[in-house]
Structure formats: structure tokens, C-alpha cells
Number of protein chains: 2
Amino acid sequence: MALWIQITPGSDEPIYLQIVEQVGEAIAKGQLAVGDKLPAVRKLASELVINPNTVARAYTILEQSGLVTTKTGSGTFIADPALRGKDAADINMLADRMDGIISRGLNLGLESQDIIAMFKDRLEKFIKTRQGGRQKK
Amino acid sequence: MALWIQITPGSDEPIYLQIVEQVGEAIAKGQLAVGDKLPAVRKLASELVINPNTVARAYTILEQSGLVTTKTGSGTFIADPALRGKDAADINMLADRMDGIISRGLNLGLESQDIIAMFKDRLEKFIKTRQGGRQKK
DNA sequence: CATAATGTACTAATGATAATAATACACTAT
DNA sequence: ATAGTGTATTATTATCATTAGTACATTATG
């Protein structure tokens with residue numbers, strides 16, 4: 001896998017958040033395992049043709065959320081999931097985001113079972129990717 | 001019900017989006033029924049101590065998403081749900097938002113069944129509010 | 001018809017933030 | 001030592017949220 005991060009410059013969401021989310025999803029899907037090394041700040045910035053500061057910003061957020069650990073001089077690595085703590089604030093934020101989705105789904109005319117089915121379907125895709133084993137780098 | 005819209009000025013999300021989401025959730029929960037009138041642009045702006053333009057912006061978005069219909073000179077009213085169309089783009093956006101939540105939940109260390117249970121729980125709250133009948137204005 | 005209330009449109013100014021740019025520092029591997 | 005790493009700092013530009021003020025068109029009400 002050469003470089004799986006793909007940014008959309010003209011998107012409504014900032015580039016640094018796109019990086020954060022894509023790395024987060026890759027971890028959730030098991031495509032990135034504990035100890036795996038993220039591309040160097042300058043290298044990723046070069047390949048994405050963006051500023052190194054933008055990548056550094058994304059890595060800082062990933063580090064603060066506990067998904068990666070950074071060792072200056074060495075690199076940025078996927079952290080141990082066992083050490084990722086979930087507090088009340090995290091759960092509340094998750095609940096709020098769920099409410100937003102549910103509200104949107106209902107107002108689109110979707111039935112409850114449709115929304116749940118859709119949600120289960122999306123989640124299963126994550127689990128399947130996990131069980132399918134890691135992709136080779 | 002005097003005024004159920006509550007904004008948080010210092011929030012990371014824009015005021016006009018807060019209004020959009022809160023009106024959307026109220027509709028999804030059945031607290032706003034078809035034909036109900038939203039507060040006038042200037043009136044709501046006055047009560048929230050924000051600029052009328054900000055409220056107008058929120059109403060414009062709600063109108064574009066099909067949740068309300070506006071009649072200049074008369075007011076802004078909750079639209080007929082039967083007329084709200086859902087296209088592929090809407091569904092895709094919903095799926096993307098679901099992926100974001102699932103990713104976040106998994107990376108917090110939550111199990112699949114926990115995430116699904118939490119999601120069902122949130123959705124049931126919407127349905128219950130609906131079945132509980134409309135609140136009186 | 002007159003008046004008030006409604007949503008809408010427009011321009012301008014301000015503040016916050018995303019992103020770039022350039023540089024420098026501290027730590028680690030070789 | 002040298003190169004590669006993350007981090008920090010300052011400055012600049014562009015975009016956007018928000019406010020401000022004004023004006024217009026339509027509708028309800030008397």
C-alpha cells in the first residue's frame with residue numbers, strides 16, 4: 001500500500017481533519033495495527049502537495065486523542081488500543097452525533113428499521129475489514 | 001412552549017447551523033408538526049440576541065432541504081413530510097456520517113454491540129417523543 | 001388603501017480560522 | 001557528524017461566520 005490518504009482540497013472540511021478522519025477509520029478497520037508507522041510529516045506533506053504544518057496539525061490531534069504516539073526524532077506510530085481511554089465527554093459527543101444522524105434520517109422519510117439496518121450494515125463493513133486481516137504495506 | 005431554540009455562541013459550530021439542527025431535530029421528534037409556524041426572522045433574532053441575517057440564513061437552508069416552506073409576508077412553516085424527497089446524495093451523506101461515528105466508537109474501545117445498542121437507544125428516544133404526541137404551543 | 005409584519009437581497013466591516021511560507025529547535029537513528 | 005524525525009514560532013493570505021445597516025417585495029390586517 002503506497003499511500004492511502006486522499007485529500008480533497010476543495011472540500012468543506014479542512015484538510016487536517018480529513019487526514020485525522022482517514023487515519024482514524026484506517027485504525028478502526030484494522031488497516032493500521034499497533035506499532036505501524038505513519039508517513040513522516042514532511043514526506044506526507046510532499047506527497048499530498050500540502051504544507052507540512054497542516055500534516056503536523058493532524059498528527060497532533062491524533063496524538064491528543066490517543067490514537068497515535070509520537071516520538072520526536074523517530075516518528076509517529078499507532079498507539080495501543082488498550083490505552084485509549086473513553087470518558088463521559090467522548091460518549092456524550094458520540095451520542096450527539098448519533099442524534100444528528102437519526103434526525104436527518106427520519107426527516108428524509110426513512111423508517112426506524114431502515115436507519116438501523118443501514119447503520120448495522122456500515123458497521124459490519126468495518127468488522128469484516130478487521131477480520132479480513134491487515135493489508136500489507 | 002415559549003422558545004425551545006437554544007444557541008451556544010462560543011461553540012465550534014456556527015450559530016446558523018445550530019438553529020438548522022435544532023429545528024430539524026424538533027421536526028424529527030414530532031415536536032413540530034406540518035403547518036406549524038417558526039418564529040419570525042427578526043423576532044427569533046431578537047430573542048437569541050443575534051443578527052437577523054443569521055436566522056435568515058438558517059431558514060434558507062431549512063427551506064432548501066425541504067423541511068420548511070416559506071411564504072414572504074406570511075412566515076415560515078413546517079413542510080409536508082410526504083414532499084421531502086430523498087436522493088442518492090442524501091443517503092450517501094448519511095452513510096458517510098455513520099462511518100465517522102462507527103470509526104470513532106470503535107477507536108474508543110467500544111464493542112460493536114455497544115455501539116448498536118447505543119444507536120438504537122438514541123433512536124428510540126426520537127420515536128417515543130413522537131408517539132408521546134405533540135407538545136402544546 | 002394604509003400600515004405593519006413577513007422573508008429576502010445587498011453591501012460593508014470585523015473577527016476567527018485554515019492554509020501556506022519560512023525558519024529554527026530538539027530529539028533519534030545511523 | 002549527518003540525516004531524519006516531530007515541534008514551535010511568526011507572518012501572510014484567503015475564506016467564512018457574524019454583525020450592521022438598509023432596502024425591497026409580498027402578505028395580513030385594519
Side-chain angles (χ1 to χ4, degrees), chain A residues 3 5-24 27 32 34-80 137, chain B residues 3 5-24 27 32 35-79 137:
Chain A
L3 182 61
I5 297 181
Q6 299 256 344
I7 63 172
T8 307
S11 172
D12 55 326
E13 81 169 341
I15 297 175
Y16 77 95
L17 279 186
Q18 294 183 39
I19 298 175
V20 168
E21 291 178 6
Q22 289 189 34
V23 172
I27 295 176
L32 286 175
V34 181
D36 278 355
K37 187 175 184 292
L38 289 182
V41 167
R42 293 169 182 78
K43 183 166 179 290
L44 181 56
S46 171
E47 300 194 26
L48 295 181
V49 196
I50 59 178
N51 197 280
N53 294 336
T54 304
V55 178
R57 188 173 182 179
Y59 282 13
T60 299
I61 293 179
L62 286 168
E63 204 267 344
Q64 289 172 342
S65 66
L67 291 184
V68 304
T69 55
T70 59
K71 277 187 284 188
T72 299
S74 178
T76 304
F77 308 88
I78 307 302
D80 188 344
K137 294 184 304 186
Chain B
L3 183 62
I5 298 180
Q6 300 256 344
I7 63 171
T8 306
S11 172
D12 55 327
E13 80 169 340
I15 296 175
Y16 76 95
L17 279 186
Q18 293 183 39
I19 297 175
V20 169
E21 290 179 7
Q22 288 188 35
V23 172
I27 295 175
L32 286 176
D36 278 354
K37 187 175 184 293
L38 289 183
V41 167
R42 294 170 181 78
K43 182 166 179 288
L44 181 57
S46 171
E47 301 194 26
L48 296 181
V49 196
I50 59 178
N51 197 281
N53 293 336
T54 305
V55 178
R57 189 173 182 179
Y59 282 13
T60 299
I61 294 179
L62 285 168
E63 203 268 343
Q64 289 173 341
S65 65
L67 292 184
V68 303
T69 55
T70 59
K71 276 186 284 188
T72 298
S74 178
T76 305
F77 307 87
I78 307 302
K137 295 184 302 186

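Values below: all heavy atoms of this structure, side chains included; hydrogens, waters and symmetry mates excluded. Reminder, nothing fancy here: chain letters follow the sequence lines and each chain counts from 1.
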**Item:** Candidates C/dT28, C/dA19, C/dT6 - which lies nearest the side chain of A/Ser74
**Value:** C/dT28
**Asked** In terms of side-chain heavy atoms of A/Thr76, which of D/dG6, C/dA19, C/dG7 is nearest?
**Response** D/dG6
**Request:** Let me know, please, whether B/Gly73 or A/Ile50 comes out on the 5' side of the other along DNA chain C by nearest nucleotide.
**Result:** B/Gly73
**Complete:** Correct closest heavy-atom pair for B/Ile5 and B/Leu48 would be O-CD2, 3.6 Å
**Asked** Do the side-chain N or O atoms of B/Thr72 get closer than 4.0 angstrom to the phosphate oxygens (OP1, OP2) of C/dT8?
**Response** no
**Request:** Measure the distance from CG on A/Asn51 to P on D/dT9 and round it to the nearest whole Å.
**Result:** 17 Å
**Message:** In this structure, how many angstroms lie between the C1' atom of D/dG4 and the NZ atom of A/Lys71, rounded?
**Reply:** 15 Å
**Message:** Starting the side chain at C-beta, find the nucleotide from D/dG6, D/dA17, C/dA22 nearest to A/Thr70.
**Reply:** D/dG6
**Item:** D/dT19 OP1/OP2 closer than 4.0 Å to side-chain N/O of B/Thr54
**Value:** yes
**Request:** For C/dA19, take OP1 and OP2 only and decide whether either is under 4.0 Å from a side-chain N or O of A/Tyr16.
**Result:** no
**Message:** Can you say whether a donor on the side chain of A/Arg42 sits under 3.5 Å from an acceptor on the base of D/dG4, or the other way round?
**Reply:** no
**Message:** Below the 4.0 Å mark, does D/dA17 have OP1 or OP2 next to a side-chain nitrogen or oxygen of B/Arg57?
**Reply:** yes
**Asked** Tell me: CD of A/Glu13 to C1' of D/dT15, nearest whole Å?
**Response** 16 Å
